[in-house]
There are 2 protein chains.
Amino acid sequence: MAIKAIKPGKAVRGSTTGRPVMLMLDLLGRRWVLRILWELRGEALNFRALQSACGGLSPSVLNTRLAELREAHLVEQRPDEGYALTASGRELLNHMTPLTIWAESWAKTL
Amino acid sequence: MAIKAIKPGKAVRGSTTGRPVMLMLDLLGRRWVLRILWELRGEALNFRALQSACGGLSPSVLNTRLAELREAHLVEQRPDEGYALTASGRELLNHMTPLTIWAESWAKTL
DNA sequence: TTATATGCTACTGATATCGTAGCAAATCTC
DNA sequence: GAGATTTGCTACGATATCAGTAGCATATAA
């Protein structure tokens, strides 16, 4: 199962420019990615705990996503701790915080 | 083709709590959604222009996404103008701007 | 030695997306 | 007013991705 590499200058789904924002949109647009990052916002979680936190997504998909996120240096695997956000991953998540606040008011309009 | 409704309190993919952030993660995690919002950051685009801006995604998927985004009040269809972000949609996009800046530095680490 | 936890792989069926073709309505063009 | 073009979509078969379950291999615990 080939994992699509995320590298600047490389084409991604729906874009051939390789611009960073397109890389990001491609990666974050994959199913479960945002959720996985979100669930790792606190402490490190091992594989099964993370799987459970994500509502029991299939291990094959989780494993694929973790490989992609590790390749993107957003998540790392720590011995005896499990999976955790890297510094980059935490930065990304911090930038997402305003979004979660926005989501609260947005949801009321639905 | 049933469109999955996005409403507070309703279960979404991977979550049964219906919390706003989960609604948001579900919606934004669907393929092309972030890209579509991104491409609408400037002026309104009609269906084919938007399709083209998104690198020629299939009209069926675009139409599905537009329906979801309209239902979520993030995108609206204006007569003689095409598709455009709503006030909410623009808010969301504004919150995404820091992410695009972050993406620049992140991409360098890959 | 058995039991349990963990990280994963394998497999099958379901769903989502792609890619192309083309239709119906509206608007230009002559 | 008869094409021609543009626009917003729908249909459909092919492919890719995801879901759901089973289970294996290693490690540690009892």
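The model shown is predicted, which means the values in this text are computed figures rather than measured ones. Just so it is clear: chains get the letters A, B, ... in the order the sequence lines come, proteins before strands, and each one is counted from 1.
- Between B:Leu62 atom CG and D:dT7 atom P the separation is 14 Å, expressed in whole Å.
- Formation of a donor-acceptor pair under 3.5 Å by the A:Gln51 side chain with backbone atoms of A:Gly56 is not found in this model.
- Rounded to whole angstrom, the span from the CD atom of A:Gln77 across to the P atom of C:dG7 amounts to 7 Å.
- Across C:dC8, C:dC18, D:dC18, the shortest atom-to-atom separation from the side chain of A:Val61 is found for D:dC18.
- Which of C:dC18, C:dC8, D:dT10 sits closest to the side chain of B:Arg31 comes down to C:dC18.
- Relative to the side chain of A:Ser60, the nucleotides C:dC11, D:dT17, C:dC8 differ in distance, and C:dC11 lies closest.
- Taking only side-chain nitrogens and oxygens, B:Arg65 never comes nearer than 4.0 Å to OP1 or OP2 of C:dA16.
- The CZ-P distance, from A:Phe47 to D:dA25, rounds to 17 Å in whole Å.
- For the pair B:Arg78 CZ and D:dG8 P, the interatomic distance rounds to 14 Å; values are reported in whole Å.
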Evaluation steps, side-chain contact (heavy atoms from CB on, under 4.5 Å), between A:Leu37 and A:Leu69: CA-CA 9 Å; A:Leu37 294 173; A:Leu69 288 170; 4.3 Å; yes
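- Atom CZ in B:Arg70 sits roughly 10 Å away from atom C1' in D:dG8 (whole-Å rounding).
- Which of D:dA19, D:dG8, D:dT17 sits closest to the side chain of B:Asn46 comes down to D:dG8.
- For the pair A:Arg35 and A:Trp32, the cation-pi test (distance below 6.0 Å, angle within 45°) is failed.
- Between A:Leu57 atom CG and D:dT17 atom C1' there is a gap of 13 Å when expressed in whole angstrom units.
- A close approach under 4.0 Å does not occur between any side-chain nitrogen or oxygen of B:Trp32 and OP1 or OP2 of C:dA16.
- When the C1' atom of C:dG7 is taken as reference, atom CD of A:Glu76 falls 18 Å away, rounded to whole Å.
- The distance between atom CG of B:Asn63 and atom P of D:dA11, rounded to the nearest whole Å, is 11 Å.
- For B:Pro59, counting side-chain heavy atoms from C-beta on, the closest listed nucleotide (C:dC8, C:dT20, D:dA19) is C:dT20.
- Closest to the side chain of B:Arg48, out of C:dT9, D:dC18, D:dG8, is D:dG8.
- Within 4.0 Å (heavy atoms only), B:Gln51 reaches no atom of the nucleic acid at all.
- Looking at A:Asn94 and B:Trp102, their side chains never come closer than 4.5 Å, going by heavy atoms from C-beta outward.
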Derivation and outcome, side-chain contact (heavy atoms from CB on, under 4.5 Å), residues A:Ser105 and A:Thr109: CA-CA 7 Å; A:Ser105 58; A:Thr109 72; over 6 Å; no
